[in-house]
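So you know, we letter chains A, B, ... as the sequences are listed, proteins then strands, and number each from 1. Just so it is clear, the structure is predicted and the values come from calculations on it, not from any experiment.
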Number of protein chains: 2
Amino acid sequence: MATGRTHRPATRSRGIPEATVARLPLYLRALTALSERSVPTVSSEELAAAAGVNSAKLRKDFSYLGSYGTRGVGYDVEYLVYQISRELGLTQDWPVVIVGIGNLGAALANYGGFASRGFRVAALIDADPGLTGKPVAGIPVQHTDDLEKIIKDDRVSIGVIATPAGAAQQVCDRLVAAGVTSILNFAPTVLSVPDGVDVRKVDLSIELQILAFHEQRKSGEETAAGDGALPAAVTPRDDADQGPDGDVPAVMPA
Amino acid sequence: MATGRTHRPATRSRGIPEATVARLPLYLRALTALSERSVPTVSSEELAAAAGVNSAKLRKDFSYLGSYGTRGVGYDVEYLVYQISRELGLTQDWPVVIVGIGNLGAALANYGGFASRGFRVAALIDADPGLTGKPVAGIPVQHTDDLEKIIKDDRVSIGVIATPAGAAQQVCDRLVAAGVTSILNFAPTVLSVPDGVDVRKVDLSIELQILAFHEQRKSGEETAAGDGALPAAVTPRDDADQGPDGDVPAVMPA
DNA sequence: CCATCTTTGTGCACGCGTTCACAAAGACAT
DNA sequence: ATGTCTTTGTGAACGCGTGCACAAAGATGG
């Protein structure tokens with residue numbers, strides 16, 4: 001039933017791998033910086049360093065777009081900026097609605113990176129009548145009742161959900177029903193959407209927990225002689241009374 | 001030189017795959033919800049549906065932690081909550097500092113999901129002297145000058161960077177020098193960190209661009225007879241004057 | 001105690017993504 | 001025109017992640 005699918009499974013639209021698509025914005029950012037410094041060309045090695053990836057990976061990524069480099073020279077910065085922008089669809093206008101204007105929603109509305117690349121905040125929507133009409137980031141907040149009308153009038157296809165978890169699925173359903181086919185979800189919930197709708201999630205809590213996992217590993221490495229690596233800069237956190245398997249919780253399985 | 005590495009390459013600490021670690025918080029969230037409804041046990045099928053993943057994947061994920069299920073019955077909810085929490089390191093206290101108290105930093109400070117699972121906002125730090133002392137989310141903002149002291153006094157090992165892009169690398173360097181070994185980066189920049197330091201990034205702009213890519217694909221599918229899927233609900237966006245390869249940019253490569 | 005039924009745990013195969021390593025291609029100097 | 005030097009583009013191998021499909025394990029009922 002495709003509930004909560006985040007990365008798309010294997011639809012790979014025209015041959016550009018999903019992993020490559022996810023890196024294109026990174027390259028674009030690095031290239032834009034070079035462009036502003038009027039750098040004419042760049043080698044895969046330099047650009048890869050700027051984007052924080054392997055140079056072979058970068059070359060293979062670009063090879064999916066076509067042969068835009070010149071051997072012995074590198075890539076033309078301006079040309080590549082245009083090609084990647086076009087491939088990502090950033091040469092057109094993407095109206096975006098943000099639903100849920102709390103702390104996070106307001107921060108997103110104020111975020112400059114939005115407007116920079118083809119994205120335009122078409123509307124801010126919140127369920128709180130007290131907010132209706134109040135400007136946030138220069139845009140008046142509209143009430144949830146008008147959600148469908150806003151989506152349709154402005155032909156919005158991308159929605160950002162920044163509501164509490166409890167409201168997210170309902171908002172999502174309404175967005176999709178009104179015609180939104182891409183959703184960026186900040187609410188800590190798994191969203192169910194029909195086929196043909198893309199969902200990407202940004203989950204602060206999950207990221208922190210992943211960091212905590214690795215952090216814990218760095219601290220407690222008593223048992224099992226180290227498998228190499230783990231060189232320096234490890235604060236030796238003294239109170240490591242967290243037995244690797246010792247104590248049992250109050251509750252036991254039947 | 002390991003610059004800007006996000007997912008760790010292949011260090012796989014004790015056999016738990018990175019992909020599994022990334023899903024554990026998802027399972028934990030679903031299990032916590034079940035726990036609050038006093039559900040005693042859950043099958044892999046049910047839990048997988050709640051977490052939005054394949055049931056076989058979930059079972060394999062759990063198998064890396066050990067054999068915590070009972071065949072014919074399922075998994076004990078409370079026990080699994082504890083085991084996953086322990087594995088993720090959430091049974092201990094993780095002091096976190098947030099650097100950069102702008103719109104986003106303030107939103108993060110107010111985010112409840114922080115405190116819920118072992119994470120504690122130890123300090124808010126900003127370079128603006130005008131902010132120093134002012135409470136945000138009930139915590140007084142401290143000045144960047146005291147960053148090192150705060151990190152060391154509170155034994156902080158996780159830092160959240162919510163500064164503008166220009167300041168991020170510098171803040172990162174100071175955090176790392178002071179002893180932070182895990183960083184969650186919200187600034188749109190590639191961070192360079194020494195080995196042994198984990199960086200995860202949350203980049204709104206990148207997520208939107210990935211969505212735009214797929215959105216563009218949904219709209220313009222003139223050439224190349226569809227490879228199946230893509231059934232309905234596609235707004236037929238009329239003005240598709242974006243030739244798949246036709247027009248050339250103003251700037252051409254040499 | 002045995003049969004049946006449910007659900008876990010996992011062997012296996014497949015596909016995607018990454019990386020190495022190198023041949024091909026072009027720039028540039030002589 | 002020829003040779004050298006740089007850098008791209010990619011074939012091939014490898015490893016990780018995913019999902020199928022099934023045997024093993026235990027619960028449950030007679």
Side-chain angles (χ1 to χ4, degrees), chain A residues 1-24 26-27 39-49 51-77 79-80 83 210 253-254, chain B residues 1-2 4-24 26-27 39-49 51-77 79-80 83 210 227 253-254:
Chain A
M1 219 46 106
T3 99
R5 174 160 46 77
T6 300
H7 302 297
R8 59 173 33 190
T11 312
R12 194 196 282 192
S13 303
R14 195 186 65 202
I16 301 185
E18 190 59 29
T20 295
V21 172
R23 280 187 296 266
L24 289 182
L26 224 53
Y27 302 144
V39 177
T41 61
V42 66
S43 72
S44 65
E45 203 68 49
E46 294 169 309
L47 186 54
V53 302
N54 184 296
S55 72
K57 196 189 300 192
L58 179 141
R59 287 197 299 277
K60 182 147 289 194
D61 282 344
F62 285 173
S63 78
Y64 292 117
L65 308 183
S67 290
Y68 293 148
T70 307
R71 300 182 189 219
V73 175
Y75 299 91
D76 182 276
V77 171
Y79 187 63
L80 207 45
Q83 288 299 342
I210 295 171
Chain B
M1 213 57 98
R5 175 161 46 79
T6 300
H7 301 296
R8 58 175 35 188
T11 312
R12 191 195 282 193
S13 303
R14 194 186 65 202
I16 301 186
E18 191 59 30
T20 295
V21 173
R23 281 188 293 268
L24 289 182
L26 224 55
Y27 302 145
V39 177
T41 63
V42 66
S43 72
S44 65
E45 203 68 49
E46 293 169 310
L47 186 54
V53 301
N54 185 297
S55 71
K57 197 188 301 191
L58 179 141
R59 286 197 299 276
K60 183 152 291 193
D61 283 342
F62 285 174
S63 78
Y64 291 117
L65 307 183
S67 290
Y68 293 149
T70 307
R71 304 187 188 213
V73 175
Y75 297 92
D76 183 277
V77 172
Y79 187 63
L80 206 45
Q83 288 299 342
I210 295 171
D227 56 0

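Distance, B:Ile16 CD1 to D:dC16 C1': 16 Å, rounded to whole Å. When the P atom of D:dT10 is taken as reference, atom CG of A:Leu65 falls 12 Å away, rounded to whole Å. To the nearest angstrom, P of D:dC20 lies 14 Å from CG of B:Leu58. Atom CD of A:Glu45 and atom P of C:dC20 are 11 Å apart (whole Å). Put simply, CD on A:Glu18 is 15 Å from C1' on D:dG17, counting in whole angstrom units. Following rounding to the nearest Å, B:Lys57 (NZ) and D:dA21 (C1') show an atom-to-atom distance of 17 Å. A:Leu47 places its CG atom 17 Å from the C1' atom of D:dT6, with the value rounded to the nearest Å. One atom, CD of B:Glu46, and another, P of C:dT7, lie 8 Å apart when rounded to the nearest Å.
Side-chain contact check for B:Tyr27 versus B:Leu80: every heavy-atom pair is 4.5 Å or farther apart. Annotation: side chain of A:Ser55 is in contact with side chain of A:Arg59 (closest heavy-atom distance under 4.5 Å). Residues A:Glu18 and B:Ile210 meet the side-chain proximity criterion, which asks for heavy atoms closer than 4.5 Å. A 4.5 Å side-chain heavy-atom check between A:Leu65 and A:Leu24 finds at least one atom pair inside the cut-off.
Put simply, A:Ser43 has no side-chain N or O that comes within less than 4.0 Å of OP1 or OP2 on D:dT7. For D:dC20, the OP1/OP2 oxygens have a side-chain nitrogen or oxygen of B:Asn54 closer than 4.0 Å. Put simply, B:Lys60 has no side-chain N or O that comes within less than 4.0 Å of OP1 or OP2 on C:dT10. Contact check, B:Tyr64 against D:dC16: no side-chain N or O comes under 4.0 Å of OP1 or OP2. One finds no side-chain N or O of B:Arg59 lying less than 4.0 angstrom from the OP1 or OP2 phosphate oxygen of C:dG11. Under 4.0 angstrom from either OP1 or OP2 of C:dT8 there lies at least one side-chain N or O belonging to B:Ser44.
Residues that satisfy the side chain to side chain donor-acceptor pair (under 3.5 Å) test with B:Ser43, not counting sequence neighbours, are B:Glu46.
For B:Arg71 against C:dT7, no side-chain N or O and base N or O form a donor-acceptor pair under 3.5 Å.
Of the candidates C:dG9, D:dT18, D:dT10, C:dG9 carries the atom nearest the B:Tyr75 side chain, counting heavy atoms from C-beta on.
Among the heavy atoms of the strands lying under 4.0 Å from B:Ser67 are primed sugar atoms or P, OP1, OP2 only; no base atom is included. Counting non-hydrogen atoms under 4.0 angstrom, A:Phe62 reaches nothing in the nucleic acid.
The residue among A:Thr20 and B:Val73 whose nearest nucleotide of DNA chain C is located toward the 5' end is B:Val73.
For the pair A:Leu47 and A:Val42, the tightest heavy-atom approach, listed with the atom from each and the gap, is N-CG2, 3.8 Å. When all heavy atoms of A:Tyr64 and A:Gly15 are compared, the pair lying nearest together is CD2-O, 3.8 Å.
The distance between the ring centers of B:Tyr79 and B:Tyr68 falls below 6.0 angstrom.
Between its two ends, the helix from C:dC1-D:dG30 to C:dT30-D:dA1 turns its axis by 10°, counting five pairs per end and rounding to 10 degrees.
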